[in-house]
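So you know, we letter chains A, B, ... as the sequences are listed, proteins then strands, and number each from 1.
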Protein chains: 2
Amino acid sequence: MTVGIKEVARKANVSIATVSRVLNGSDSVKEKTKRRVMSVVGELNYVPHAIGRALITHRTNLLGVILPDVHSEFFSELIRGIDQAARERSYHIILSSTHSNKKEIESMLGVMQGGHVDGLIVMSPHLSADGVLKRLAPRSKLVFVNTYTDGNGFVSVSIDNFNGAFQMIRHLVVAHGHKRIAILKGEESNFDARERFNGYVGALKKYGLRRVLELEITGNFTEESGYDGMMKILKLKTKPSALFCANDSMALGALRAMHEKDIIVPGEIALAGFDDIPSARYVLPALTSVHVPIYEMGTLAVEHLLNGVKAMDGMKGIRKVLTTSIVIRESCGCSLKSDEEVSEKA
Amino acid sequence: MTVGIKEVARKANVSIATVSRVLNGSDSVKEKTKRRVMSVVGELNYVPHAIGRALITHRTNLLGVILPDVHSEFFSELIRGIDQAARERSYHIILSSTHSNKKEIESMLGVMQGGHVDGLIVMSPHLSADGVLKRLAPRSKLVFVNTYTDGNGFVSVSIDNFNGAFQMIRHLVVAHGHKRIAILKGEESNFDARERFNGYVGALKKYGLRRVLELEITGNFTEESGYDGMMKILKLKTKPSALFCANDSMALGALRAMHEKDIIVPGEIALAGFDDIPSARYVLPALTSVHVPIYEMGTLAVEHLLNGVKAMDGMKGIRKVLTTSIVIRESCGCSLKSDEEVSEKA
DNA sequence: ATATGCAATGTAAACGTTTACATCACATGT
DNA sequence: ACATGTGATGTAAACGTTTACATTGCATAT
């Protein structure tokens, strides 16, 4: 039905080999022939058949991306980064999201082994790399994003959850003098959540504060659970003077709860989040948060996938951790203080 | 390198044809043989090579999705819907976003003609369907999302921008008695923006209000442009009593501007948006907006693509318009009124 | 015993390319 | 005139499947 290389060849009075050579910008083909072929190609509106080509070249120029059911902002930024970097190298991405369980991930890995993609980017916050990938052919090109790679020989890109949380607590302590800081953390099974919690604990320790178990509430990264968690906190006899939420969605929920109960933020309780989602700057008071370079994480993953091929073979592994930065807005109480006090760097 | 059908065949003492039949759940193959083959398949961890298969079946089980650089919430919801529906039919999607110009879209169409995908979903708010697709092979399976399909014979799914806007204006007029309603519209080239503006104009006319040119400000759907637009409005000698923004991002910007200038919302100026993004419910006052069923639009697009194949051949075309609904929150002033007054339905 | 039919399996072509190798025409050096 | 080299092009195998068609073996009917 569609026009193939043969028709082009016939119409241009050459063999299909020559047509192929022209199309692949080969070295040795006479300029005149080249022009003749190209003219026929244009005339017939011929487009090489990617599948036929892929079969013999073993390259599809497709990258697989496997994501969990991740919140919207994170999702779109990551994809944007990946897609952009991929397209610059004339790759396209084949996407599969909302994967929460092993089964689904493995099904996607099937697509991969099936030769449909040249490489794979996997984000699996609940499953460790080793756990999922026992069966994957070792030669596969693969990079993990924000995934716990317990074994070695993996390539991974992630953000520095620990330090982001650490610095935020540090800020609450040294810039504002908080001593009773609650945390709304995520689920234990979530890699990001764990690390952020560790950062919180680490900072407490570092600055001589004791952990108080009743101030450690577990949510599940949804706005809803943030609201619920805050309600629990507000029932405490001695309330915290500050609350750190392991992501912004929960912080938004907590904020809603506090509005409802007429708690003044940051006057009575200071608030800080993590992720720096767009809404963070539009709520009142504007939310102080930890900014994470999601887009960059995406582009970096692609770059590693497409450049660092040998690195994988060597069983060495690469682990790139992108640095986070805290962005100060109103909810932590900085607007209440003099500029001088606020500007505590590093 | 990887294990192929031949090795399976050899190890199971059958021909590759039989292996193929077993794998495709064919009718006639003896139960015993079937088991033997499957056991070898498991043992060798064999996965059929998708490319080889696609070459002869002419099906890749891949759907192409071409999106413009669309705002994050819309983006992720749409993808979620598409991906979900696709996976239910064991398709995967190959995604290409941030396409703003014709060139990029056509490049993606190349991938399509190249046989890599079985169908295509295209969202192109700035380019009309006819305009873009002159060159596409007519047999291609293709559905448009939120795109102006001026010609016929296209399949499209979109949201009812006109009625969403219309109803919102209607609400502002009949429930709150506004007579001087400003609009912050989007760019003329944007299909959604045009329709929403038309809805605004239509409602004005219907309720006997006159258009006032100085109340029609053009933005570009960004928060920034909403802020700027609002600043312009605030410079007017006689300000509007209400403002309708063609999307929520601009409404958020406008809200920020009003906060800054100490304008009370909705007391002095009522506000309404369009899209019902998540932030809408977290800002203060919570934003009244038009809800759009993005997820459903995605699933519907896939269903049309995969079911309504013949419909396309018939040059008839299908045009599905999803209905929108207004969601009342605080920014329009409803919380100030009695429940009775508010509950004006239909 | 031979023919007939059916169920199970095998053989080989086809899908649309790329590419190693072969061929060809021609110019150059002798 | 002949060998040789070179640049341009053609031939055919290969990639990993599916599937139309051929073949085989066996049971049943005659």
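Here the rule is side chain to side chain contact (heavy atoms under 4.5 Å, CB included) with B:Y91, and of B:L305, B:L62, B:D118 only B:D118 fits it.
Atom NZ of A:K320 sits in a sparse spot, with 12 or fewer heavy atoms from other residues, nucleotides or ligands closer than 6.0 Å. Annotation: B:K34, atom NZ; neighbour count of heavy atoms from other residues, nucleotides and ligands within 6.0 Å is above 12.
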Check the pair A:I121, A:V302 against side-chain contact (heavy atoms from CB on, under 4.5 Å), reporting the backbone distance first and the verdict last.
CA-CA 8 Å; A:I121 295 178; A:V302 172; 3.9 Å; yes
Show your working on side-chain contact (heavy atoms from CB on, under 4.5 Å) between B:T18 and B:S15 and close with a plain yes or no.
CA-CA 5 Å; B:T18 299; B:S15 72; 3.5 Å; yes
Quick one: do A:V157 and A:V143 satisfy side-chain contact (heavy atoms from CB on, under 4.5 Å)? Show the steps, please.
CA-CA 7 Å; A:V157 179; A:V143 8; 4.3 Å; yes
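Toward the 5' end of DNA chain C, the nearer of the two residues B:G52 and B:V29, judged by each one's closest nucleotide, is B:V29. With the nearest nucleotide of DNA chain D identified for both B:R21 and B:L55, B:L55 has the one nearer the 5' end.
Counting to the nearest Å, the C1' atom of D:dG16 and the NE2 atom of A:H116 are 13 Å from each other. Counting to the nearest Å, the P atom of C:dC6 and the NZ atom of B:K30 are 18 Å from each other. Distance B:H58 NE2 to D:dT17 P: 17 Å, rounded to the nearest Å. Atom CD1 in A:I5 sits about 14 Å away from atom C1' in D:dT11, given to the nearest Å. B:N24 has its CG atom 16 Å from the C1' atom of C:dT9, to the nearest Å. Following rounding to the nearest Å, A:K34 (NZ) and D:dA8 (P) show an atom-to-atom distance of 10 Å. A:I51 has its CD1 atom 18 Å from the P atom of D:dC15, to the nearest Å. Atom CZ of B:R59 is separated from atom P of D:dT18 by 12 Å (rounded to the nearest Å).
At its two ends the helix from C:dA1-D:dT30 to C:dT30-D:dA1 runs along axes set 70° apart, each axis drawn from five pairs and the angle rounded to 10°.
Here B:S28 lies in heavy-atom contact (under 4.0 Å) with a base. Within the 4.0 angstrom heavy-atom criterion, base atoms lie near A:S20.
Considering only side-chain atoms of B:R53, the nucleotide from D:dC15, C:dT9, D:dT17 that sits closest is D:dT17. Of the listed nucleotides (C:dT9, D:dA14, D:dT9), D:dA14 has the atom at the smallest distance from the side chain of A:I56.
For C:dA8, neither phosphate oxygen OP1 nor OP2 lies less than 4.0 angstrom from any side-chain nitrogen or oxygen of B:T33. For D:dT17, one of the phosphate oxygens OP1 or OP2 lies less than 4.0 angstrom from a side-chain nitrogen or oxygen of B:Y46.
Within residues 10-19 of chain B, the residues having any heavy atom under 4.0 Å from DNA chain D are, by residue number, B:I16, B:A17.
For the atom pair B:L322 CG and B:I159 CD1, the distance stands at 8.0 Å (nearest 0.5 Å).
Remark: the backbone N or O of A:H116 is paired with a side-chain donor or acceptor of A:T60 at under 3.5 angstrom. A donor-acceptor pair under 3.5 Å links the side-chain atoms of B:N24 to the main chain of B:S20, judged by distance alone.
Ring orientation note: the planes of B:F75 and A:F75 are tilted relative to one another, at an angle of 30° to 60°.
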